[in-house]
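Position 1 is the first residue of the sequence; numbering continues from there. All values below come from the heavy atoms of this structure, side chains included, with hydrogens, waters and symmetry mates left out. The model shown is predicted, which means the values in this text are computed figures rather than measured ones.
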Amino acid sequence: MAYDWLKGVADEYDVIVIGSGLGGLTGANVLAKAGHKVLLLEHHYQFGGLATWFTRKGGHIFDISLHGFPSGMIKSCRRYWTKEIADSIHQLKDVRFVNPQMDVWTTFTREDYTRVLVEQFKLPREQVETFYDHLRAMNYYDNNPETTGQMFERFFPGRPDVHRLLMEPISYANGSTFDDPAITFGIVFSNFMGSGVFTFQGGSDLLIKKMTTELKKNGVELRKHVMVERILIEERDGRKVACGVVAGNGRVIRAKAILSNANIKNTIFRLAGAEHFDPEFVKQAEAVRINTSSCQVYFGIRKGESIPHIGDLVFTSDAPTYSPEELTSLHTTSRTFSVYYPDTRPGSDRYTVVASLNGRYPHWKELTDEEYEKHKARLIEESLVALEKYIPDVRAKIDWMEAATPRTIERYTTHMAGTSFGTKFEGLPVSMNLSEKLPGLFHAGSVGIIMSGWLGTINYGVITANKIDKHLFALKHPAAHPAA
């Protein structure tokens, strides 16, 4: 008889959180600390969403993707999680860009990035500072139609090398291109242009362990191996409301509010059902574009072996210029190496390297099983050859290699089209307005500019949790909010 992963779960909660990405985990923590009874359900065997890890024989622990975030992560983790988590966030010292147009080492701080643009790219300092000031002044509510490409050409006309240096890391961060609104670049880039790029010392496994410990301490009921089949919707006073979930093997669990940390399109079309929304909102949601995905190649260095310091993040490419088409093609030469040295996981004395490549789900979905395995093997070999340019003897030191693709991401996250980056910019208003269209249903996840990696998803979890807290207060005190 199959194990009942919902054993001991109550029949009703104040809030049910669907999915345990950083937005779902943070939202659950904020709500629990506010005194609400919270249940969090995750279908995978690990918590963390795309901020998770896996282990392999030989003692290898792999973080599943490229992880780097702004210094603002320290403040958010201290405020919404714990000081211990915040204190484990450390700066990456060396970010490299190596391609036919440049060979750059930088700490990715504003000061050092300015040095690179002025000294290596021969730009006037005033021109660079003016560009930074413009980015800092950007506001989501300005509704500026300018694209990132148009903004680059306005500030740095005829300089495709500068455009590439500015654009490539952001493409890896959130899948954006020259054709996306300039604000999708500006806000993310500005976040980094303070103190540089940071990561969590100890790895994703330690981070998620600390987070789940804190959640349990605050009273959150955590369950994994539980797939939510659908969101329970009923009609009350002539209006449909979300009032629970059907999970596991048809188990009904009721709640006053649902926080979906699934993809916004999954939330609307798979979990809730388009028939429960007005036609105009459905049309708006259908128009939201799914963002691109990614591939990873994992290299485990044999215990006792070491590799030289080649940088923490190494953006590499053989492409002559930046091209979104090349960056996401099945045969792209553009990849970023995330190098995990022993101090990444103190006490482990181990090295790992993860190659991250952008990709498109349809390229991988249409392959036969035989073709799929051949392309995964090719992906591994090409990434290994590229790594050998920096560590010539690395092949002999590796005792574990494997690859993940958009199909892998779809399998483990259920994200529509296996996206690593959620949706394009137009997904944000759909997400933010969800509870107005179906009371009781809220969303936090990868949508537009709020989702600028780990920091964005944590902050969006907080924003949504605060909306839910107000919603719950209004339900308990209707006289104070007669229109609620």
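- Across all their heavy atoms, Ser20 and Phe47 have their closest contact at OG-CA, 3.3 Å.
- A cation-pi arrangement is absent between Arg56 and Phe62 under the rule of less than 6.0 angstrom and at most 45 degrees off the ring axis.
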Could you go step by step and tell me if Phe315 and Tyr172 meet the side chain to side chain contact (heavy atoms under 4.5 Å, CB included) rule? CA-CA 9 Å; Phe315 294 85; Tyr172 281 99; 3.5 Å; yes
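- Note on Glu234 versus Arg236: salt bridge recorded, some NZ/NE/NH1/NH2 to OD/OE distance being below 4.0 Å.
- Evaluated for a salt bridge (charged side-chain N to carboxylate O under 4.0 Å, His left out) with Asp11, the options Lys37, Arg251, Arg254 yield exactly one hit, Arg251.
- No hydrogens or angles considered: a donor-acceptor pair under 3.5 Å links the side chains of Asp63 and Ser204.
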I'd like to know whether Arg335 forms a side chain to side chain contact (heavy atoms under 4.5 Å, CB included) with Leu387, so could you lay out the CA-CA distance, the side-chain angles of the two residues, the decisive distance to 0.1 Å, and finally the verdict. CA-CA 10 Å; Arg335 55 181 61 82; Leu387 182 59; over 6 Å; no
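- Under the 3.5 Å distance criterion, the side-chain polar atoms of Asn433 are matched with a main-chain donor or acceptor of Pro429.
- In this structure, the side chain of Arg223 engages the main chain of Lys7 through a donor-acceptor pair within 3.5 Å.
- A heavy-atom distance below 4.5 Å is not found between the side chains of Phe425 and Val447.
- Atom CZ of Arg79 has 12 or fewer heavy atoms from other residues, nucleotides or ligands within 6.0 Å.
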With ring pair (Phe, Tyr, Trp, His ring centres under 6.0 Å) as the test, would you mind laying out the steps for Tyr13 and His36 before giving the verdict? CA-CA 8 Å; Tyr13 290 81; His36 302 297; over 10 Å; no
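- The two residues Ile208 and Trp53 come nearest to each other via the heavy atoms CB-CZ3, 3.8 Å.
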For Val245 and Arg230, run side chain to side chain contact (heavy atoms under 4.5 Å, CB included): C-alpha distance rounded to whole Å, both residues' side-chain angles, the deciding distance at 0.1 Å, then the answer. CA-CA 6 Å; Val245 301; Arg230 61 185 174 88; over 6 Å; no
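- Checked against the 6.0 Å centroid threshold, His331 and His363 do not count as a close aromatic pair.
- Between Tyr351 and Tyr340, the ring centre distance reaches or exceeds 6.0 Å.
- Electrostatic pairing of Lys374 and Asp369 does not count as a salt bridge here, judged by no charged N lying under 4.0 Å from a carboxylate O.
- A distance-only check finds a donor-acceptor pair linking the side chain of Asp278 to the backbone of Phe281 [under 3.5 Å].
- Ring centroids of His309 and Tyr341 are separated by less than 6.0 Å, placing the two rings close together.
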Step by step, would you call Tyr298 with Phe54 a ring pair (Phe, Tyr, Trp, His ring centres under 6.0 Å)? CA-CA 11 Å; Tyr298 303 97; Phe54 63 93; 4.8 Å; yes
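- Counting only distance, with no hydrogens or angles, the side chain of His443 and the backbone of Ala262 share a donor-acceptor pair below 3.5 Å.
- Residue pairs meeting the side-chain hydrogen bond (donor to acceptor under 3.5 Å, both in side chains) criterion with at least one partner in residues 22-32, sequence neighbours excluded, are Thr26-Trp81, Asn29-Asn218.
- Checked by atom type and distance alone, the side chain of Lys265 pairs as donor or acceptor with a backbone atom of Val288 at under 3.5 Å.
- Residues Tyr3 and His225 place their aromatic rings such that the two centres sit no closer than 6.0 Å.
- Glu84 meets the salt bridge (Lys or Arg N to Asp or Glu O under 4.0 Å) test with Lys210; sequence neighbours excluded.
- Asp399 has no carboxylate O lying under 4.0 Å from a charged side-chain N of Lys57, or vice versa, which leaves the two without a salt bridge.
- Lys83 pairs by the salt bridge (Lys or Arg N to Asp or Glu O under 4.0 Å) definition with Asp87, not counting sequence neighbours.
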The test is side chain to side chain contact (heavy atoms under 4.5 Å, CB included); show your working for Gln91 and Lys93 and say whether it passes. CA-CA 6 Å; Gln91 185 181 0; Lys93 300 297 185 183; 3.8 Å; yes
